[in-house]
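Notes for the one structure printed next.
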Amino acid sequence: MNDVANKVATLMEAMPYLKKYAGKVIVIKYGGNAMINEELKAAVLQDVVMLKLLGMKPVLSHGGGPGINKMLEKLEIPVQFINGLRYTSEDIMRVVEAVLIGQVNSELVGRINAIGGEAVGLSGISANIYKCVQRSEELGFVGDVVEVNAAPVQAMLDAGYIPVVAPVGTDGKGNSFNINGDTAAGKLASALGAEKLMLLTDIEGLCNDIKLRDVISYLNIADVQGLKDQGTIAGGMIPKVDCCVEAVRSGVKSAIILDGRVPHSILIELLSNEGIGTMLVN
């Protein structure tokens with residue numbers, strides 16, 4: 001009887017959030033350890049399908065760095081880094097497309113469909129979703145997103161499907177570009193007017209002190225520069241926070257840096273009073 005009572009209490013706790021997010025677009029950037037660990041992968045995809053069943057409009061924007069690295073190693077294609085960024089040759093770009101679109105995207109779509117969802121796979125090349133310019137000659141086929149055509153993704157949402165989008169862009173002239181997964185998700189969330197952008201990461205959230213793991217639960221984007229100046233926001237957290245700030249400034253209601261290592265972290269964040277991770281708001 002206690003188990004039943006606990007389940008009812010959980011449902012009652014979720015009720016106001018279900019009302020709040022009904023019919024709203026939720027963009028989830030899926031990457032990190034949650035893509036490698038099979039148990040976490042299953043939990044993430046179950047969460048995505050559950051959001052759809054509960055009346056929301058989830059969009060899954062994925063990465064795939066580990067798979068790309070593994071394939072490059074298998075093909076014995078050397079990797080060169082310039083100022084910390086991977087040079088993307090034409091050969092490497094072909095591998096990026098094959099892995100992100102041909103493997104990762106297809107697998108995620110198949111697994112979502114297998115557990116009761118109806119997913120459709122897209123890439124930034126589809127109908128020029130991500131229009132890019134080359135970042136620099138020295139980095140090769142690395143692109144910066146300058147325009148987002150959200151209409152194909154919105155059409156899938158309106159038709160009742162779950163869009164799964166790979167972060168590959170195009171210049172509209174037949175050239176493909178590798179783009180940062182967080183940036184792609186943030187740009188897409190802005191273009192869709194999403195209620196939330198959720199970035200799954202391999203850390204609890206933004207911390208005042210990484211050694212103490214004291215997570216900053218709420219952060220006004222106006223305070224971000226000060227935290228950068230004092231070194232609280234540093235290293236790999238900078239592009240993630242910048243992505244969230246840009247999304248919020250562009251109309252996304254809130255952006256959340258979330259620990260993807262916690263099973264069902266998406267549902268915990270969205271549908272409970274507890275919440276986890278760092279939420280950035282304006």
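- The minimum heavy-atom distance between I179 and G169, with the atom names listed, is CD1-N, 4.0 Å.
- The shortest distance between side-chain heavy atoms of V95 and D91 does not fall below 4.5 Å.
- Between I276 and I256, every side-chain heavy-atom pair lies at or beyond the 4.5 Å cut-off.
- At a threshold of 4.5 Å between non-hydrogen side-chain atoms, the residues N105 and S123 do not count as touching.
- Hydrophobic clustering (ILVMFWY, side-chain heavy atoms < 4.5 Å, transitive): I36 and V262 are in distinct clusters.
- In this structure the side chain of Q154 reaches within 4.5 angstrom of the side chain of L192, judged on heavy atoms.
- The 12-atom threshold is exceeded at CE of M56, counting heavy atoms of other residues, nucleotides or ligands nearer than 6.0 Å.
- The one candidate from T201, T183, N180, D182 that meets the side-chain hydrogen bond (donor to acceptor under 3.5 Å, both in side chains) condition with K240 is D182.
- In this structure, CG in N113 is found 10.5 Å from CG in L45, a value given to the nearest 0.5 Å.
- A donor-acceptor pair is defined here as one N or O able to donate and one able to accept, closer than 3.5 Å; no such pair exists between the side chain of S254 and the backbone of L280.
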side-chain contact (heavy atoms from CB on, under 4.5 Å) between N149 and K131, intermediate numbers included
CA-CA 8 Å; N149 173 24; K131 186 76 173 292; over 6 Å; no

side-chain contact (heavy atoms from CB on, under 4.5 Å), that's the test. Do H62 and E107 meet it? Break it down for me.
CA-CA 11 Å; H62 66 83; E107 180 196 355; over 6 Å; no

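- Atom NZ of K228 is surrounded by more than 12 heavy atoms from other residues, nucleotides or ligands within 6.0 Å.
- A chain of hydrophobic side-chain contacts below 4.5 Å, direct or via other Ile, Leu, Val, Met, Phe, Trp or Tyr residues, connects I115 to L60.
- Between L199 and C244, some side-chain heavy-atom pair lies under the 4.5 Å cut-off.
- Applying the ring-ring contact (aromatic ring centres under 6.0 Å, His included) test to every pair with at least one member in residues 88-123, sequence neighbours left out, gives no pairs at all.
- Pairing each heavy atom of G143 with each of C132, the nearest pair is CA-CB, 4.4 Å.
- Rounded to the nearest 0.5 Å, atoms CD1 (I112) and CD1 (I162) are 5.5 Å apart.
- A salt bridge links R94 with E97: the closest approach of a Lys/Arg side-chain nitrogen to an acidic carboxylate oxygen falls below 4.0 angstrom.
- Surrounding OH of Y161 are at most 12 heavy atoms belonging to other residues, nucleotides or ligands under 6.0 Å away.
- The shortest side-chain heavy-atom distance between I26 and I266 does not fall under the 4.5 Å cut-off.
- Identified under the ring-ring contact (aromatic ring centres under 6.0 Å, His included) test for residues 95-138, with sequence neighbours left out: none.
- Between the side chains of Q225 and D229, at least one donor N or O lies within less than 3.5 Å of an accepting N or O.
- No more than 12 heavy atoms of other residues, nucleotides or ligands shown are found within 6.0 angstrom of CD on E39.
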K41 and E38: CA distance, side-chain angles, deciding distance, salt bridge (charged side-chain N to carboxylate O under 4.0 Å, His left out) verdict
CA-CA 5 Å; K41 181 183 290 188; E38 285 299 316; 3.7 Å; yes

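- Minimum interatomic distance between A119 and V164 (heavy atoms only, all atoms of both residues): CB-CG2, 4.0 Å.
- M50 and L40 fall into different hydrophobic clusters, defined by Ile, Leu, Val, Met, Phe, Trp and Tyr side-chain heavy atoms under 4.5 Å apart, directly or through other members.
- For the pair I268 and P263, the tightest heavy-atom approach, listed with the atom from each and the gap, is CD1-O, 3.8 Å.
- Taking OG1 of T278 as the start and CD1 of I233 as the end, the distance is 9.0 Å to the nearest 0.5 Å.
- Following chains of ILVMFWY side-chain contacts shorter than 4.5 Å, one can reach I77 starting from I101, so the two form part of one hydrophobic cluster.
- L271 is listed as a side-chain neighbour of Y17, based on a closest heavy-atom distance under 4.5 Å.
- Within 6.0 Å of atom CD in E13, more than 12 heavy atoms from other residues, nucleotides or ligands are found, so the atom counts as buried in its surroundings.
- Nearest heavy-atom pair across V215 and G277 is CG1-O, 3.7 Å.
- A salt bridge does not link E246 to R249: none of the charged nitrogens lies less than 4.0 Å from a carboxylate oxygen.
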Please walk me through it: do D259 and S265 pass side-chain contact (heavy atoms from CB on, under 4.5 Å)?
CA-CA 7 Å; D259 192 346; S265 57; 5.7 Å; no

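- To the nearest 0.5 Å, atom CG of residue L270 and atom NZ of residue K20 are 9.0 Å apart.
- With contacts defined as side-chain heavy-atom distances shorter than 4.5 Å, the pair M279/K196 qualifies.
- Atom CD1 of I257 sits about 11.5 Å away from atom CG of L200, to the nearest 0.5 Å.
- Atom CG of L54 and atom CG of D47 lie 10.0 Å apart (nearest 0.5 Å).
- Every residue two or more places apart in sequence or in another chain was checked for a ring-ring contact (aromatic ring centres under 6.0 Å, His included) with Y30, and none qualifies.
- Under a 3.5 Å cut-off, the side chain of Q103 and the backbone N or O of A98 do not form any donor-acceptor pair.
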Please assess Q134 against D171 for the test side-chain contact (heavy atoms from CB on, under 4.5 Å), listing each intermediate value before the final yes or no.
CA-CA 8 Å; Q134 187 177 36; D171 61 1; over 6 Å; no

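- We find that E147 and K187 are not joined by a salt bridge, their nearest charged nitrogen and carboxylate oxygen being 4.0 Å or further apart.
- Listed here is the closest heavy atom pair of V148 and A191: CG1-CB, 3.6 Å.
- For the residue pair K29 and S61, no side-chain donor N or O sits within less than 3.5 Å of a side-chain acceptor on the partner.
- Taking hydrophobic clusters as Ile, Leu, Val, Met, Phe, Trp and Tyr residues chained together by side-chain heavy-atom distances below 4.5 Å, L18 shares a cluster with V48.
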